[in-house]
Amino acid sequence: MKQLKKRLCGILSIVMCITAMTGCAANPDRGSVTSKNNGVFEQNMTVAATAPLDEQLQYTDTFTSHDGTAEYAINFDQKMTSDPLPIVEVVPRFFTGEEVKQIAQVLFGDVDFYEREPEEDPQFSKEQLQKEINWMSSLANTEAMQELYGNDEYDYAEEIDVLKLFMQQYTVQMENAPDENPHKPCDWTFKSDAIYNTPSYGNSVIYATVDLGNVNYKIYVNRRDKNDYKLNSFSVQLGDGLGYDGCEMDYMRANLCRTSEPTEEQISALKEKAQSLLNQMGMGQWEVSSASVLKEMYGDTPEYQVLIGATPVFNNVHSIFGQPMMGLTSTDSNASNYHMTSAVFQFSANGDLIYFEMTSPVEVQTVVNEGTAILSTEELMEKVKDHLSLTGAQEAYLYGVVESWYQKPISCKIEMNRMEFGLARVKVANKDFTFYYVPAFVVYGSTHFFDAETGEEVVFPYEETAAAERALVWINAVDGSIIDAT
């Protein structure tokens with residue numbers, strides 16, 4: 001299992017080292033950046049727009065961070081058009097058991113759903129045990145594991161021993177296993193997570209499974225409505241969550257995703273499929289807002305997935321996908337302690353569902369302003385520059401990973417190439433778990449790293465990831481305040 005753990009730890013290290021450009025700078029002096037608590041937003045939020053946004057944005061500039069470690073280049077040349085956007089006040093909308101059932105049926109159709117077995121002493125029928133033994137036996141040799149994980153230099157002896165241990169356990173269990181499925185039909189009621197998890201986190205859950213023959217899935221729904229933080233998520237993953245679950249997920253994903261690269265026609269069809277599924281779920285209005293192809297290499301063998309993101313729609317305006325947030329238990333006065341509202345699908349090129357998650361649905365309390373006045377783009381860009389001038393290389397995306405790998409001082413150059421206008425979420429002041437969706441601009445760009453002494457570009461294994469376009473700054477267009485992770 002060392003190789004699998006090593007791979008997982010590598011991924012986790014990258015994730016843990018990611019720091020968004022919107023985070024707080026090492027230099028705390030942000031006096032030139034509009035404060036969230038200066039009352040300007042409350043003054044402006046009810047002012048109606050007198051005209052739509054219709055501007056040919058042509059803006060170029062260069063500047064350096066306060067500590068000299070980051071160089072910024074702005075090069076915008078795009079048409080910005082939009083009707084005036086609303087300000088909407090929302091609160092969490094918690095999943096009900098009936099809604100969970102409906103979403104599951106939308107995703108999988110009229111099939112049988114069962115309660116997931118507890119981790120300790122799960123029960124299976126003879127047929128279910130034989131199915132487990134079959135896929136494990138197909139992998140219980142060095143050649144098969146090397147093909148699955150793409151590493152010919154590792155013998156996977158520990159992983160194979162674990163597979164054989166489970167196969168032996170299941171073979172013994174088959175002697176007294178029933179012929180019929182012993183799992184209870186899912187009753188779609190929330191239960192204490194103590195039934196499934198050790199330790200318990202005090203959440204209410206629905207854990208279900210569905211078997212489609214050549215592939216099976218687990219459905220995890222978590223709900224927490226307490227004063228410290230809120231949880232509200234529906235996720236679908238490959239496997240049943242029991243036994244050698246991680247290896248089973250990798251095996252199923254490989255069987256479904258080792259295809260040719262998805263075509264534009266396939267991507268378009270999957271976007272339509274995702275939108276159709278969302279429309280049937282009954283969780284308010286959603287809109288597919290992004291689609292991309294994930295390619296992962298296992299040796300010389302690629303796996304492809306189509307990633308589709310969606311966000312909620314308010315007054316016929318969709319929110320912007322990918323807004324960052326603080327940890328769920330942050331004590332910051334601007335922290336929402338409720339995950340960002342979004343939905344994500346992952347499909348194979350052939351349309352097989354690999355993963356789904358709907359996180360933190362909300363419901364509208366009131367429409368504060370149907371068409372809100374915003375600051376000029378020139379004024380907003382000055383505030384963006386004020387913010388970034390206080391943001392050095394240490395806060396750049398993947399800085400920690402690159403520095404650890406390069407082991408020398410590094411600097412960075414950030415190129416900003418476009419803006420997006422839409423709705424973003426901010427916490428309502430002095431009201432816990434209540435939020436506004438407000439007109440906002442997002443500035444996108446890419447980051448390149450350089451040796452701080454020689455100026456030579458640092459090329460490292462994740463260079464393509466670091467240099468990819470991503471959101472650098474989120475700014476409230478109503479008052480010019482920076483929307484940090486919230």
Side-chain angles (χ1 to χ4, degrees), residues 14-30 32-34 57-78 80 290 292 320-324 377-406 408-422 424 440-477 480-485:
I14 293 172
V15 173
M16 293 299 290
C17 287
I18 290 173
T19 54
M21 294 297 299
T22 50
C24 297
N27 183 344
D29 181 13
R30 291 192 180 273
S32 60
V33 179
T34 303
L57 180 62
Q58 292 180 313
Y59 192 101
T60 59
D61 199 359
T62 58
F63 58 97
T64 304
S65 64
H66 70 288
D67 59 3
T69 61
E71 296 180 24
Y72 295 94
I74 304 174
N75 186 18
F76 294 149
D77 186 3
Q78 66 181 99
M80 302 288 290
S290 66
S292 60
I320 303 173
F321 185 79
Q323 185 178 349
T377 52
E378 291 81 4
E379 187 173 357
L380 291 169
M381 282 308 304
E382 287 303 311
K383 293 182 181 298
V384 167
K385 290 194 298 181
D386 287 344
H387 172 76
L388 291 177
S389 68
L390 300 175
T391 307
Q394 291 187 358
E395 296 172 77
Y397 180 79
L398 288 185
Y399 171 88
V401 176
V402 180
E403 184 188 45
S404 177
W405 175 82
Y406 194 61
K408 294 180 182 179
I410 57 175
S411 62
C412 68
K413 294 181 180 180
I414 295 96
E415 299 173 355
M416 290 168 273
N417 47 39
R418 73 178 179 95
M419 294 178 70
E420 182 178 4
F421 184 51
F441 281 95
V442 183
V443 177
Y444 293 90
S446 58
T447 303
H448 298 270
F449 292 97
F450 297 84
D451 187 297
E453 295 181 1
T454 67
E456 294 183 0
E457 185 169 2
V458 176
V459 179
F460 72 114
Y462 299 99
E463 171 67 19
E464 184 177 345
T465 301
E469 181 188 83
R470 61 182 30 83
L472 302 177
V473 180
W474 297 66
I475 186 168
N476 187 331
S481 61
I482 299 300
I483 304 174
D484 291 321

Point to revise | Nearest-0.5 Å distance that lies between atom NZ in Lys385 and atom CG in Leu390 | key: 13.5 Å
Exercise for review: State the CG-CD1 distance between Leu388 and Ile74, to the nearest 0.5 angstrom.
Suggested key: 7.5 Å
Practice item. State whether the side chain of Thr69 and the backbone N or O of Ser65 hold a donor-acceptor pair below 3.5 Å, judged by distance alone. Key: no
Review point. Judged by atom type as modelled, is there a donor-acceptor pair below 3.5 Å linking the side chain of Ser389 to the main-chain atoms of Asp386?
Key: yes
Check your understanding: Should the ring pair Phe63 and Tyr72 be called parallel, tilted or perpendicular, given that the plane angle runs from 0 to 90° and is split at 30 and 60?
Key -> parallel
Heavy-atom side-chain proximity of [X] to [Y] below 4.5 angstrom:
X      : Y      : result
Asp61  : Met381 : no
Val384 : Ile475 : yes
Thr447 : Tyr399 : no
Phe441 : Met80  : yes

Minimum heavy-atom separation for [X] to [Y], with atom names?
X      : Y      : answer
Phe321 : Ser290 : CD2-OG, 3.8 Å
Phe450 : Glu457 : CD2-CA, 3.4 Å
Asp451 : Lys408 : OD2-CD, 3.9 Å
His387 : Val473 : CD2-CG2, 4.1 Å
Ile320 : Phe421 : CD1-C, 4.2 Å
Val443 : Phe76  : CG1-CZ, 3.8 Å

Check your understanding: Counting only heavy atoms not in Gln58, do more than 12 fall under 6.0 Å of its CD?
Key -> yes
Under 3.5 Å, side-chain donor or acceptor atoms of residues 412-420 against the rest of the protein: list the pairs with distances, not counting sequence neighbours.
| from | atom 1 | to | atom 2 | distance (Å) |
| --- | --- | --- | --- | --- |
| Arg418 | NE | Glu469 | OE1 | 3.0 |
| Arg418 | NE | Glu469 | OE2 | 3.2 |
| Arg418 | NH2 | Glu469 | OE1 | 3.0 |
| Glu420 | OE1 | Tyr444 | OH | 2.5 |

